[in-house]
Amino acid sequence: MIKQAIIPLAGLGTRLLPLTSVFAKELLPINGKPGIEYILDECIEAGIKEVIFIISKKKIMIKNYFYNDNFYKKIIAKKKDSRIINEYKKILKYKKMIKFVYQNEPLGTGNAVLKAKKYIKDKYFLMLLPDDLIIKHNCSKSMIQIHNKYKSSVMASMSVNRKDVTRWGIYKLNKKIDKKNYFISDVIEKPSINKAPSNKAVIGRYILPKNIFSKLLKQKPGKSGEIHITDAIQSLIDENYKFIAHHFSGKYLDCGSMNGYIKSSLEISKI
Ligand code: UTP
């Protein structure tokens with residue numbers, strides 16, 4: 001069973017400047033609700049019991065958001081407002097399941113994940129990139145079902161425009177399982193258009209084996225000098241670990257870019 005999730009939140013969010021110069025992008029509202037709460041709700045509905053947030057000192061406001069008890073208690077004592085009481089109850093529910101771990105320097109997603117090494121108990125865990133919202137369908141839940149069936153790693157996937165492959169981790173299909181699921185044979189972080197093995201991109205949901213930590217420990221910096229989770233996944237594939245690309249149902253919203261962030265509120269308000 002997959003019961004733990006890692007969420008890296010220690011990046012700089014430069015694509016959302018100036019919004020992120022003093023504010024954590026994961027707390028930015030998307031249709032009136034902080035982006036990270038959509039991710040937490042997805043985890044809870046998928047049966048996750050513990051979530052490990054990788055934050056940095058610069059993003060301590062994320063922890064403060066969940067630890068503002070005195071403030072809530074004072075306001076609730078004064079106003080007895082049922083909406084505020086319910087919001088506080090929700091925060092308490094989230095807080096119970098979150099553990100905070102620090103990544104002091106943004107050395108890449110792989111390096112962020114490595115910080116959670118000592119807390120992962122089971123053979124597999126879920127990893128979510130909070131910039132990637134998937135609405136109308138619980139992608140993590142479907143991926144966990146596939147993992148339970150095939151006992152292998154799973155990554156969320158979608159087709160992207162050929163000219164955009166340079167923005168993503170792109171993989172090569174190996175064997176079709178069914179209409180939505182494929183075994184993959186290679187994955188490359190942000191390839192050039194010429195080197196891209198397909199137009200199939202990895203989106204920010206992964207079910208990874210605990211063994212990935214030993215790969216990450218040895219991982220040399222890749223593109224832009226960062227330690228990428230994709231490179232560690234390739235090392236596992238080279239050792240015949242099975243990875244399934246899952247073409248998710250639902251709609252993908254890229255909340256890490258300014259255009260995508262603006263559009264995401266509009267899309268969610270339509271549901
Ligand atoms: P991104 O590289 O897409 O986001 O990382 P970023 O670095 O925050 O933003 P830009 O590119 O400068 O605009 C994907 C996720 O991984 C986290 C980020 O916080 C984001 O949620 N991350 C990235 C880390 O936790 N640590 C890192 O070293 C890098």
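Bear in mind that the values here come from a model prediction, so they are computed numbers and not experimental data. Indexing begins at 1, ligand by ligand and atom by atom, following the structure's order.
Without hydrogens or angle criteria, Ser257 side chain to Gly260 main chain gives a donor-acceptor distance under 3.5 Å.
For the pair Asp41 and Lys33, the salt-bridge criterion is met [side-chain N within less than 4.0 Å of a carboxylate O]. Salt bridge absent: Arg205 and Asp132 never bring a charged side-chain N and a carboxylate O closer than 4.0 Å.
Side-chain contact check for Lys242 versus Tyr150: every heavy-atom pair is 4.5 Å or farther apart. Put simply, the side chain of Lys149 does not reach to within 4.5 Å of the side chain of Ile146, judged on heavy atoms.
Contact annotation for Leu9 and ligand 1: only backbone heavy atoms (N, CA, C, O) come within less than 4.0 Å of the ligand. When non-hydrogen atoms are compared, ligand 1 lies under 4.0 Å from the backbone of Ala10 as well as from its side chain. Of the heavy atoms in Leu107, only backbone atoms (N, CA, C, O) come closer than 4.0 Å to ligand 1. The proximity of Glu226 to ligand 1, defined as any non-hydrogen pair under 4.0 Å, does not occur for either the backbone or the side chain.
Atom numbering of ligand 1 starts at 1 in the shown order; those under 4.0 Å from a heavy atom of Thr14 are 9 (O), 10 (P), 12 (O), 13 (O). When each atom of ligand 1 is checked for a heavy atom of Ala112 under 4.0 Å away, the hits are 24 (C), 25 (O), 26 (N). The Glu26 neighbourhood of ligand 1 comprises atoms 19 (O), 21 (O), with distances under 4.0 Å to a heavy atom of that residue. Every atom of ligand 1 is numbered from 1 in the order shown, and the set under 4.0 Å from a heavy atom of Pro130 is 21 (O).
Nearest non-hydrogen protein atom to atom 19 (O) of ligand 1 is Gly11 N, 2.8 Å. Protein heavy atom closest to atom 20 (C) of ligand 1, with residue, atom name and distance, is Pro8 O, 3.9 Å. In this structure, atom 6 (P) of ligand 1 lies nearest to the protein heavy atom Lys25 NZ, 3.4 Å. Nearest protein neighbour of atom 26 (N) of ligand 1, counting heavy atoms only, is Gln103 OE1, 2.7 Å. With hydrogens left out, the protein atom closest to atom 14 (C) of ligand 1 is Thr109 CG2, 4.1 Å, a heavy atom. In this structure, the protein non-hydrogen atom closest to atom 3 (O) of ligand 1 is Arg15 NH2, 3.1 Å. For atom 28 (O) of ligand 1, the closest heavy atom belonging to the protein is Gly108 N, 2.7 Å. Here the protein heavy atom with the shortest distance to atom 15 (C) of ligand 1 is Leu129 CD2, 3.9 Å.
For the pair Asp131 and ligand 1, a heavy-atom separation below 4.0 Å is found.
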**Request:** Evaluate salt bridge (charged side-chain N to carboxylate O under 4.0 Å, His left out) for Lys141 paired with Glu42, printing each intermediate quantity in order.
**Result:** CA-CA 8 Å; Lys141 196 172 174 179; Glu42 178 177 331; over 6 Å; no
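Neither Leu266 nor Leu253 shares a network with the other; the hydrophobic side chains, linked directly or stepwise wherever heavy atoms of I, L, V, M, F, W or Y lie under 4.5 Å apart, form separate groups for each.
In this structure, Ile55 and Ala10 approach most closely via the heavy-atom pair C-CB, 3.8 Å.
Note: Phe213 and Phe125 meet the aromatic proximity criterion, with ring centroids under 6.0 Å apart.
A donor-acceptor contact closer than 3.5 angstrom is absent between the side chains of Gln4 and Asp122.
Remark: of the listed residues Tyr252, Tyr38, Tyr261, Tyr38 is the sole one forming a side-chain contact (heavy atoms from CB on, under 4.5 Å) with Leu133.
Checked by distance only, ligand 1 and Gly13 come closer than 3.5 Å through their nitrogen or oxygen atoms.
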